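Take a look at the structure below.
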Amino acid sequence: MVQIFCGAVLILFICNLTGQLWVNRWEAYRDSLWMATLMGLVTLFAAFQVVAVPAIFMKAKLHVLVIYMAAVMIVLSVLSLIQIVRSRGAYYVHQLEKLRRALKDKGNVWLLLAAVLILYQTWYATSHDALNGDDTRYVCAIVDAVETDEMLMYHPATGEYLGEIVSEFKKDAMAPVLMFWAMWAKLLGVHGGAFAHTLVPLFMVPLAYGAAFLLGYKLCGKDNRWTGMFLCVYCLFNLVNHTLPIEGIGKTIYYMRWGKSILYCLLIPFVILLLMEVMDAKKAGQTYVRLGVTLLGGCMASTMSCIFLPFLTGVWAVWDGIRAKSFRRFLIPILLCIPALCYGLFYYSL
């Protein structure tokens, strides 16, 4: 259990360290713990997506992706550490100041209540095998990749070596979140099944609520009290939804190890937030880059991301372009959707 907990902390730390490269010059989120961590996560998603898809179709070994991602994380972490040293740890100084202010602010009681609900749901998702119809296939794909070093080449039910990507595995090759978890399991030396069911919820459930917090904070005018109420309602929605005997329950926050839940509970709220930031920014150049990385990284979670995220961005781009009477504000978001659309078209051509 100690290894599982330390692994989750390490992943969160690497994501936060990577994300600090994005928020350093982002005035609105310069000292935001959640924004840095989420931007770090989608950056790792994007870096993995670009290389993993061709690697899987070329029948490369898992250890190749492990080495590649280890190199990416080391380079990004070193760059971030250099930045931290040059700023004399300004980011962490701001975190301590925010903590001191939070302890003195009586209006944070709603945020505290939300934190309790989030911790409960994180514990529940970690300590209970919340299975859905596809869960066995997913876990077997991760375990097979970790133990055999082959990616999506074994039948999950029979263990038979297939030698090629067939059936549902074509979807998993285009949106290789399973291999992303397999990469981390191999890198940390954790069993694939234990990683998927126990370790992933430890960091993915809080990150999903981190995206909800940032969105709520934006919508509530940066008022902690109303943001805390927003989070409490959102937490209760997930608690109630988890108990409903309906099809598609795997899309709740309790299944954050799988693609559709990552899309619905993390990526869509985060993309909406970035679109709002683009709309509010006087010079949106850097925010466009952040949005582009998120749209690319989102493709790793699910093939549905290649549809939903570009559709969401495209509708917003049309509206914002008309509102601002600017062809540029319409064109740039549309161009950012091209990588996701290419992945989607390639998947439907298989």
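Remember, predicted model here, so these are calculated numbers, not experimental data.
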ILVMFWY cluster, L33 and L81 together (side-chain gap under 4.5 Å): yes
Beyond-backbone contact of L44 with M69, side-chain heavy atoms, under 4.5 angstrom: yes
Connected via hydrophobic side-chain network under 4.5 Å: F346 and L295: yes
Donor-acceptor under 3.5 Å (R30 side chain, V23 main chain): no
Audit row: F270, M35, side-chain contact (heavy atoms from CB on, under 4.5 Å) steps and yes/no: CA-CA 9 Å; F270 192 58; M35 180 58 78; 3.6 Å; yes
Ring centroid separation F195 to W184 under 6.0 Å: no
Heavy atoms from other residues, nucleotides or ligands near CH2 of W226 exceed 12 (cutoff 6.0 Å): no
Taking every non-hydrogen atom, the tightest pair across A141 and L152: CB-CD2, 4.2 Å
Any W316 side-chain heavy atom under 4.5 Å of P333 side chain: yes
Euclidean distance, L312 CG relative to I307 CD1, rounded to 0.5 Å: 13.5 Å
Atom pair CE/CG of M229 and D223 - distance to nearest 0.5 Å: 8.5 Å
Minimum heavy-atom distance between L341 and P310, given as atom pair plus value: CD2-CB, 3.9 Å
Whether Q83 side chain and Q20 backbone form a donor-acceptor pair below 3.5 Å: yes
Separation of L76 CG from T18 OG1 (nearest 0.5 Å): 5.0 Å
Joint hydrophobic cluster, M151 plus I67, side-chain heavy atoms closer than 4.5 Å: no
Side-chain touch T37/F203, heavy atoms, less than 4.5 angstrom: no
Distance in Å, N24 CG paired with L79 CG, rounded so as to fall on 0.5 Å steps: 12.0 Å
T313 and L336, any side-chain heavy atoms less than 4.5 Å apart: no
Side-chain heavy atoms of V64 within contact of M58, under 4.5 Å: no
Backbone N/O of R323 and side chain of R329: donor-acceptor pair under 3.5 Å: no
In one Ile/Leu/Val/Met/Phe/Trp/Tyr side-chain cluster, 4.5 Å: W319, I268: yes
Separation between CE of M204 and CG of L12, rounded to the nearest 0.5 Å: 10.0 Å
Single-linkage hydrophobic cluster, 4.5 Å side-chain cutoff, F57 and M183 together: yes
Main-chain N/O of I84 paired to S87 side chain as donor or acceptor, under 3.5 Å: yes
Residue pair V278 / I332, side-chain heavy-atom distance below 4.5 Å: no
For L273 against K218, the heavy-atom pair lying closest together: CD1-CB, 3.8 Å
Minimum heavy-atom distance between A208 and I253, given as atom pair plus value: CB-CD1, 3.6 Å
Heavy-atom pair with the smallest gap, counting every atom of Y343 and C299: CD1-SG, 4.0 Å
Main-chain N/O of F48 paired with Y68 side-chain donor or acceptor, under 3.5 Å: no
Contact summary for L231 and A114, nearest pair of heavy atoms: CB-CB, 3.7 Å
Residue pair I11, L188: steps toward the side-chain contact (heavy atoms from CB on, under 4.5 Å) verdict: CA-CA 10 Å; I11 293 171; L188 297 176; 4.1 Å; yes
Any side-chain heavy-atom pair of M153 and T148 under 4.5 Å: no
Full working for side-chain contact (heavy atoms from CB on, under 4.5 Å) between F45 and I262: CA-CA 12 Å; F45 277 2; I262 297 173; 4.2 Å; yes
Side-chain donor or acceptor of D320 paired with backbone N/O of M279 under 3.5 Å: no
W258: which of Y138, Y264, F180 passes ring pair (Phe, Tyr, Trp, His ring centres under 6.0 Å): Y138
Mutual orientation of the aromatic rings belonging to Y29 and W26 [parallel < 30°, tilted 30-60°, perpendicular > 60°]: perpendicular
R257 backbone acceptor or donor facing W181 side chain under 3.5 Å: yes
Spacing of CG belonging to L65 relative to CE belonging to M179, to within rounding of 0.5 Å: 9.5 Å
Test log, rule side-chain contact (heavy atoms from CB on, under 4.5 Å), inputs L263 and L309: CA-CA 9 Å; L263 170 63; L309 298 183; 3.9 Å; yes
Y217 and F213 aromatic centres sub-6.0 Å: yes
V318 and I322, any side-chain heavy atoms less than 4.5 Å apart: yes
Donor-acceptor contact below 3.5 Å, side chain S80 vs main chain L17: yes
Check: M39 main-chain N/O paired with R290 side-chain donor or acceptor under 3.5 Å: no
Greater than 12 external heavy atoms within 6.0 Å of F311's CZ: no
